[in-house]
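Structure first, then comments.
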Amino acid sequence: GTKRGAGKIEVAEPWNKLPASSLPTDPALYAGPFPFYRRPSELGCFSLDAQRQYHGDARALRYYCPPPTNGQSPNFDLRDGYPDRYRPRDEEVQERLDHLLCWVLEHRGRLEGGPGWLAGAIVTWRGHLTKLLTTPYERQEGWQLAASRFQGTLYLSEVETPAARAQRLTRPPLLQELMYMGYKFEQYMCADKPGGSTDPSGEVNTNVAFCSVLRSRLGNHPLLFSGEVDCIDPQAPTTQPPTCYVELKTSKEMRSPGQRKSFYRRKLLKWWAQSFLPGVPNVVAGFRNPEGFVCSLKTFRTMEMFEYVRNDRDGWNPSVCMNFCAAFLSFAQNTVVQDDPRLVYLFSWEPGSPVTVSEHRDAPHAFLPTWYVEAMTQ
Ligand code: A3P
Ligand code: MG
Ligand code: MG
């Protein structure tokens, strides 16, 4: 007999028509032209209050209020108030898509795009899409995304990996303080009212959030996603969201060319992915010294971030990020065929491996709540 596999022609076999069972993530596979990405438009917003309660309005929106630029540099003590004026959100509560679904339910009858638009869309958090964008370059943290189809719409909801959970539960005190410092910076840079002043004497409560709900499209995938917005610039050239929004970030002061290079390669990629998706044009960075004081500010334009790595062989490429994301969305669309809110496909990824998928039913992975499914079925 012949050797196994010798002369085998791999075309037109029926199993070639089954959905792919895994998706590679190597950057080289996703080079090529930048895919179509519709200019994101804001459909609406919602707020979460100090008790993490949902409100269908902008009550939690804060106003960009940078320190006067009179030659003096800022001197923000990011450790001030820690831990006594820190009210951290309870991270044990898995909110999944709930707050976003609340908004969708409230607005489903009057979504732009006309009747049927939602049925062809993907609904998710901006943060989940950010993780997809950075996947081809990520070497540390894997992810899991649960997917269900319901009334045509594909819903994507992140699942905390066992490794991420273990890290969160054993987070060293220094990392906990570092998390606080990121939020403390927001307090130094934002006022509660337009034209108001900042008040760093208050508490930092990370339950509070303002979320923008956006519509876009990547390739042929219509998107409805929501992302937390740090503040609005009342002085922005245009008052139309999301163009008037500002993202705030902290980072370690850079003291050497090596530190700069690593900042452009790792951090700027994450900052770009997070702000490009919702169309937030500017990221204001506060650089902190080893004592935890922000002594300098710098505005990075989202659309110019790629310039810092354009000529870097080990840099990132926006086309790769977006092409991979589009490929993942197609992979998910082709995998999740059955329309059933109790059926869940779990997409899992670890650095160095392709994305794999497994099938589940009901608890613990089903994530579309009964209140949502029932109200949408009315
Ligand atoms: P910095 O990123 O400025 O340090 P965001 O920048 O997305 O508005 O998030 C505000 C802050 O939340 C961050 O500030 C950081 O302190 C904390 N944070 C956000 N994502 C985090 C993550 N994945 N791990 C740890 N802290 C995070
Ligand atoms: Mg934020
Ligand atoms: Mg921020």
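For this chain, numbers begin at 1 and follow the sequence in order. We count ligands from 1, going down the list as the structure has it; atoms in each ligand are counted the same way. Reckoned from all heavy atoms, side chains included, excluding hydrogens, waters and symmetry mates.
- Atoms of ligand 1 found under 4.0 Å from any heavy atom of Met179, numbered from 1 in the order shown, are 16 (O), 25 (C), 26 (N).
- Distance check on atom 3 (O) of ligand 1: some protein heavy atom falls below the 4.0 Å cut-off.
- Remark: the Glu42 side chain and the Tyr245 side chain contain an N/O donor-acceptor pair separated by less than 3.5 Å.
- The Mg ion (ligand 3) has no N, O or S atom of Phe185 closer than 2.8 Å.
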Exercise. Output, in order, the C-alpha distance, side-chain angles, deciding distance and verdict of side-chain hydrogen bond (donor to acceptor under 3.5 Å, both in side chains) for Ser226 and His99.
Key: CA-CA 10 Å; Ser226 176; His99 298 308; over 6 Å; no
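- Using a 4.0 Å cut-off to heavy atoms of Asp230, the atoms of ligand 1 that qualify are 8 (O).
- A salt bridge links Asp362 to Arg342: at least one charged side-chain nitrogen sits closer than 4.0 Å to a carboxylate oxygen.
- Residue-to-ligand polar distances keep Tyr180 apart from ligand 1: every N/O pair is separated by 3.5 Å or more.
- With respect to the Mg ion (ligand 2), Glu228 has OE1 as its nearest N, O or S atom.
- Residue Glu186 touches ligand 1 through its side chain alone, judged by heavy-atom distances below 4.0 Å.
- Counting only heavy atoms of the protein, atom 1 (P) of ligand 1 lies nearest to Thr250 OG1, 3.6 Å.
- For the ring pair (Phe, Tyr, Trp, His ring centres under 6.0 Å) test with Tyr54, the passing option among Phe46, Phe210, Trp103 is Phe46; the others fail.
- Remark: the His128 side chain and the Thr130 side chain contain no N/O donor-acceptor pair separated by less than 3.5 Å.
- Within a 4.0 Å radius of atom 10 (C) of ligand 1, the protein contributes at least one heavy atom.
- Within 4.0 Å of atom 14 (O) of ligand 1, at least one protein heavy atom is present.
- Closest heavy-atom approach to atom 5 (P) of ligand 1 among the candidates Lys267, Glu228, Glu247: Glu247.
- Within Glu247, the N, O or S atom at minimum distance from the Mg ion (ligand 3) carries the name OE2.
- Contact atoms of ligand 1 toward Gln274: 7 (O) (distance under 4.0 Å to a heavy atom of the residue).
- Side-chain N/O atoms of His365 and Ser148 include no donor and acceptor closer than 3.5 Å.
- No side-chain N or O of Thr134 forms a donor-acceptor pair with one of Trp316 less than 3.5 Å apart.
- Checking Arg89 against Asn207 by side-chain atom types alone, no donor-acceptor pair falls below 3.5 Å.
- Nearest protein heavy-atom neighbour of atom 6 (O) of ligand 1: Lys249 NZ, 2.7 Å.
- Counting heavy atoms under 4.0 Å from ligand 1, residue Leu248 touches it through the backbone alone.
- One finds no salt bridge joining Glu203 and Arg85 here, because no Lys/Arg side-chain nitrogen approaches an Asp/Glu carboxylate oxygen to under 4.0 Å.
- There is a protein heavy atom less than 4.0 angstrom from atom 26 (N) of ligand 1.
- For atom 17 (C) of ligand 1, a protein heavy-atom neighbour is found at a distance under 4.0 Å.
- A salt bridge is absent between Asp340 and Arg149: the closest approach of a Lys/Arg side-chain nitrogen to an acidic carboxylate oxygen does not fall below 4.0 angstrom.
- Ligand 1 lies within reach of Tyr183, whose nearest heavy atom is under 4.0 Å from it.
- The atom name of the N/O/S atom in Asp230 closest to the Mg ion (ligand 2) is OD1.
- Side chains of Glu247 and Ser275: a donor-acceptor N/O pair is absent below 3.5 angstrom, by distance only.
- A salt bridge is defined here as a Lys NZ or Arg NE, NH1 or NH2 lying under 4.0 Å from an Asp or Glu carboxylate O, and Glu160 with Arg168 meets this definition.
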